[in-house]
Visitor: 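Quick one: the structure is below, questions incoming.
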Amino acid sequence: MIEDPDRCYQAAQSKDARFDGWFFCAVTSTGIYCRPSCPARTPKRENVRFYPSAAAAQQAGFRACLRCRPDATPGSPEWNVRADVVARAMRLIRDGIVDREGIEGLARRLGYSTRQLNRLVTAEVGTGPLAIARAQRSQTARILLETTDLPIAHVAFAAGFASVRQCNDTVRQIFADTPSGLRARAARTATDKRGARAGAGGAAGQAIRLRLPCRRPFSPESVLVFLGTRALPGVEALDGSSYRRSLRLPHGHGIVALRAPDGGGDGADERSGPSYVEGELVLSDLRDLTTAVSRCRQLLDLDADPVAVWEALRGDALVGPVVERDPGRRVPGAADGFELAVRAVIGQQVSVPGARTVAGRLVQAAGDPLPGADGTITHLFPTPAALAELAGRQPGAFAMPAGRRRALVALAEAVEAGDLVIDLGADPHEVRRSLVRLPGIGPWTAEYVAMRALRDPDAFMPTDLGIRRAARAIGLPDDPARLVALTESWRPWRSYAMVHLWSLPAPAHAIPSPPLKGRAA
């Protein structure tokens with residue numbers, strides 16, 4: 001809950017956008033809640049209440065400000081930093097699990113009873129998982145109303161509501177308007193900024209245009225170029241400044257295109273960068289919109305708090321100057337945990353182009369072809385079952401040493417059997433332990449998966465070739481044990497320190513790991 005309301009009020013007075021998503025300001029005299037940076041005049045202190053989430057403000061009876069759109073703020077970075085059950089629950093709710101499996105499914109995934117989980121989440125967030133999911137549905141409905149011409153009935157079910165009436169009631173309560181009213185308002189005020197709206201018709205497959213907000217400073221090139229350099233043929237592509245990839249989603253599949261806005265976006269400057277990323281989604285089933293948006297956000301690390309990272313690392317004599325040069329650098333994420341783990345295993349002791357080639361062959365041999373291929377995006381990454389089946393049917397497709405092939409098969413079988421879960425709700429420490437128990441997978445791979453797939457901000461790979469070269473460049477010893485000891489002061493942001501070190505100019509090298517577990521260097 002909010003521990004220091006007076007400090008929150010000072011942040012609201014200063015219109016500091018850094019606090020957007022951390023807390024929300026509700027005004028008792030108007031019945032409206034806003035983000036801290038709302039441009040409206042700051043109300044009197046006695047009329048303001050503070051809530052840790054938009055859902056908590058809605059539960060208290062406040063409706064969203066139509067001027068600052070508090071429901072569209074970046075997510076709280078707290079859930080990325082923490083690995084406790086509440087943080088893992090919030091990440092899973094954001095991924096849409098409540099809409100797919102209900103509160104019972106969420107509790108089951110976390111190993112708690114629904115009553116225990118509801119109590120824990122309410123104590124931290126101010127309301128329960130169901131209300132948080134309801135707030136998320138309302139935001140999804142608003143996106144569809146404003147960016148497509150889908151019939152309102154289709155919008156209601158695509159957003160996760162059980163009925164059109166439930167959708168209408170929720171929209172009225174949260175936005176003080178009807179669904180058709182929101183659509184008309186968007187047509188009047190935002191069409192010129194976003195360009196033409198998506199075409200009419202109710203079929204899935206039409207493009208949904210999004211603005212994915214983030215905190216400044218933000219360097220979109222730092223993450224888009226990283227992903228593009230490692231783009232997997234058939235699954236990903238970097239076309240100029242636009243990164244595109246396929247997504248395997250709970251109800252179907254999708255293709256997303258992400259890019260920084262032309263000219264930097266609204267109010268951007270060269271140092272701070274844009275405040276959002278432009279996205280375009282084409283989904284086979286619109287029920288996957290919430291999940292697709294969540295995965296795009298984690299792919300680009302849009303919910304991070306770069307100022308907190310900068311303040312923690314800038315004073316360090318060694319890594320501080322590197323961070324100062326590019327304070328908006330992000331840690332690239334992953335669209336799918338299993339895919340990332342497979343690619344990490346393939347990349348061990350292999351150059352980046354070599355790893356792309358090998359993984360691309362597996363995609364062609366075991367990936368699902370997309371029904372409507374979009375240029376170079378032709379396949380979905382293979383499922384664990386498909387990869388394991390390919391190993392038995394066509395072992396020659398695994399153009400790699402036998403030890404690495406065994407590691408991939410063991411990984412696929414563990415994920416398929418449910419013995420290993422690599423998603424945002426998993427405990428990073430438990431996933432690390434499970435990974436290193438598999439044959440041929442060592443600590444480097446476990447740390448890399450924790451950093452990118454599980455969003456652990458404090459992962460560190462002292463044996464990584466790129467890190468050791470960068471360490472020598474800034475005057476650190478490249479001995480792994482001494483590196484770990486000397487980087488303790490970087491906690492809990494060692495993942496961010498690593499991506500800054502990787503950015504240092506160096507001879508061409510393979511970022512991935514040292515030898516496979518049990519093999520000589």
Visitor: Could you grab the distance from atom CZ of Arg406 to atom CD1 of Ile441, nearest 0.5 Å is fine?
Guide: 12.5 Å

Visitor: Hey, is the main chain of Gly425 close enough, under 3.5 Å, to the side chain of Arg88 for a donor-acceptor pair?
Guide: yes

Visitor: Quick one: does any side-chain atom of Gln298 pair with a main-chain N or O of Ala335 as donor and acceptor, under 3.5 Å?
Guide: no

Visitor: Could you check whether Glu78 pairs with Arg91 (Lys NZ or Arg NE/NH1/NH2 to Asp/Glu carboxylate O, under 4.0 Å)?
Guide: no

Visitor: Counting distance only, does the side-chain N/O of Asp423 pair as donor-acceptor with the main-chain N or O of Ala426 below 3.5 Å?
Guide: yes

Visitor: From Ile93 CD1 over to Gln136 CD, what is the distance, rounded to the nearest 0.5 angstrom?
Guide: 8.0 Å

Visitor: Closer than 3.5 angstrom, by distance alone: can the side chain of Arg211 be matched with the main-chain N or O of Val277 as a donor-acceptor pair?
Guide: no

Visitor: Say whether, by atom type as modelled, one donor and one acceptor occur between the side chain of Ser246 and the main chain of His379 under 3.5 angstrom.
Guide: yes

Visitor: I need the minimum non-hydrogen distance between Arg82 and Asp84, along with the two atoms involved.
Guide: NE-OD1, 2.6 Å

Visitor: What are the two closest heavy atoms between Asp336 and Phe338, and how far apart are they?
Guide: OD2-N, 3.1 Å

Visitor: Measure up the Trp493 and Tyr496 rings against each other and bin them: parallel (under 30°), tilted (30 to 60°), perpendicular (over 60°).
Guide: perpendicular

Visitor: Atom CG in Leu318, atom CG in Leu486: separation rounded to 0.5 Å?
Guide: 8.0 Å

Visitor: Looking only at heavy atoms, which two atoms of Ser138 and Phe161 are closest? And how far apart?
Guide: N-CZ, 3.9 Å

Visitor: Provide the closest heavy-atom pair for Met498 versus Ile467 in the form atom of the first, atom of the second, distance.
Guide: CG-CD1, 3.7 Å

Visitor: Is it the case that over 12 heavy atoms from other parts of the model lie below 6.0 angstrom from the CZ atom of Arg100?
Guide: yes

Visitor: Under the salt bridge (Lys or Arg N to Asp or Glu O under 4.0 Å) criterion, do Glu447 and Arg432 qualify, and how do the steps go?
Guide: CA-CA 7 Å; Glu447 289 296 312; Arg432 285 180 171 96; 2.6 Å; yes

Visitor: Can a donor-acceptor pair be found, under 3.5 Å and without considering hydrogens, that links the side chain of Asp316 to the backbone of Val319?
Guide: yes

Visitor: Glu339 vs Arg343, test: salt bridge (Lys or Arg N to Asp or Glu O under 4.0 Å). Steps then yes/no.
Guide: CA-CA 6 Å; Glu339 175 190 326; Arg343 296 172 67 171; 2.9 Å; yes

Visitor: Side-chain atoms of residues 362-373: list all donor-acceptor pairs with protein atoms under 3.5 Å, sequence neighbours left out, distances to 0.1 Å.
Guide:
{"from": "Asp368", "atom 1": "OD2", "to": "Arg248", "atom 2": "NH1", "distance (Å)": "3.0"}
{"from": "Asp368", "atom 1": "OD2", "to": "Arg248", "atom 2": "NH2", "distance (Å)": "3.1"}

Visitor: Answer whether the closest heavy-atom distance between the side chains of Val415 and Val421 falls below 4.5 Å.
Guide: no

Visitor: So how far is it from Leu340 CG to Ile422 CD1, rounded to the nearest 0.5 Å?
Guide: 8.5 Å

Visitor: Can you check whether Pro250 reaches Asp288 side chain to side chain, under 4.5 Å on heavy atoms?
Guide: yes

Visitor: What are the two closest non-hydrogen atoms of Arg330 and Ala304, and how far apart are they?
Guide: NE-CB, 3.9 Å

Visitor: With the side chain counted from C-beta on, respond yes when Leu411 and Leu387 share a heavy-atom pair under 4.5 Å apart, and no when they do not.
Guide: no

Visitor: Does this structure show an ion pair linking Asp301 with Arg455, if we count only N-O contacts that are shorter than 4.0 Å?
Guide: yes

Visitor: Closer than 3.5 angstrom, by distance alone: can the side chain of Asp285 be matched with the main-chain N or O of Arg287 as a donor-acceptor pair?
Guide: yes

Visitor: So Ser222 and Val499, side-chain contact (heavy atoms from CB on, under 4.5 Å) or not? Walk me through it.
Guide: CA-CA 9 Å; Ser222 68; Val499 295; over 6 Å; no

Visitor: Examine distances only and state if a side-chain atom of Ser495 and a backbone atom of Met451 form a donor-acceptor pair shorter than 3.5 Å.
Guide: no

Visitor: Judged by atom type as modelled, is there a donor-acceptor pair below 3.5 Å linking the side chain of Arg245 to the main-chain atoms of Ala257?
Guide: no

Visitor: Assess whether side-chain contact (heavy atoms from CB on, under 4.5 Å) is satisfied between Arg244 and Thr376, documenting all intermediate values.
Guide: CA-CA 9 Å; Arg244 297 161 57 245; Thr376 55; 3.7 Å; yes

Visitor: Do Phe460 and Arg491 touch side chain to side chain, with heavy atoms closer than 4.5 Å?
Guide: no

Visitor: Can you confirm whether Ile97 sits close enough to Arg109 that some side-chain heavy atom of one is under 4.5 Å from a side-chain heavy atom of the other?
Guide: yes

Visitor: Run the numbers on Arg215 and Asp305 for salt bridge (Lys or Arg N to Asp or Glu O under 4.0 Å), then give the verdict.
Guide: CA-CA 7 Å; Arg215 292 179 182 83; Asp305 185 351; 5.4 Å; no

Visitor: How would you list, by chain and number, every residue that makes a side chain to side chain contact (heavy atoms under 4.5 Å, CB included) with Leu238, sequence neighbours excluded?
Guide: Tyr243

Visitor: Please report the closest heavy-atom contact between Ile143 and Thr147, naming both atoms and the distance.
Guide: O-OG1, 2.6 Å

Visitor: Can you find a pair of side-chain heavy atoms, one from Leu299 and one from Leu258, that are under 4.5 Å apart?
Guide: yes

Visitor: side-chain contact (heavy atoms from CB on, under 4.5 Å) between Val484 and Glu488: does it pass, once the steps are laid out?
Guide: CA-CA 7 Å; Val484 170; Glu488 284 295 311; 4.1 Å; yes

Visitor: Once you round to the nearest 0.5 Å, how far does CD1 of Ile255 lie from OG of Ser284?
Guide: 10.0 Å

Visitor: Begin from the C-alpha positions of Asp464 and Trp502 and carry the test side chain to side chain donor-acceptor pair (under 3.5 Å) through to its verdict.
Guide: CA-CA 10 Å; Asp464 180 82; Trp502 279 342; 3.0 Å; yes

Visitor: Can you tell me how far apart CG (Leu281) and SG (Cys296) are? Round to the nearest 0.5 Å.
Guide: 5.0 Å

Visitor: Is there a side-chain contact between Leu300 and Leu224 (heavy atoms, below 4.5 Å)?
Guide: yes

Visitor: Taking NZ, NE, NH1 and NH2 as the nitrogens, is one of them in Arg297 or Asp303 under 4.0 Å from a carboxylate oxygen of the other?
Guide: yes

Visitor: Could you tell me if Ser503 and Arg325 have a donor-acceptor pair between their side chains, going purely by distance under 3.5 Å?
Guide: no

Visitor: Which atom pairs, one a donor and one an acceptor, fall under 3.5 Å between side chains of residues 474-482 and the rest of the protein, sequence neighbours left out?
Guide:
{"from": "Asp478", "atom 1": "OD2", "to": "Arg472", "atom 2": "NH1", "distance (Å)": "2.5"}
{"from": "Asp479", "atom 1": "OD2", "to": "Ala481", "atom 2": "N", "distance (Å)": "3.4"}
{"from": "Asp479", "atom 1": "OD2", "to": "Arg482", "atom 2": "N", "distance (Å)": "3.1"}

Visitor: With a 4.5 Å limit on heavy-atom distance, are the side chains of Leu501 and Leu504 in contact?
Guide: yes

Visitor: Using modelled atom types only, decide if a donor and an acceptor are shared between the side chain of Glu280 and the backbone of Ala207 within a distance under 3.5 Å.
Guide: no

Visitor: Stepwise, does the side-chain contact (heavy atoms from CB on, under 4.5 Å) test hold for Leu438 with Leu420?
Guide: CA-CA 10 Å; Leu438 296 175; Leu420 174 62; 4.2 Å; yes

Visitor: Does a donor on one side chain sit under 3.5 Å from an acceptor on the other, for Gln348 and Thr445?
Guide: yes

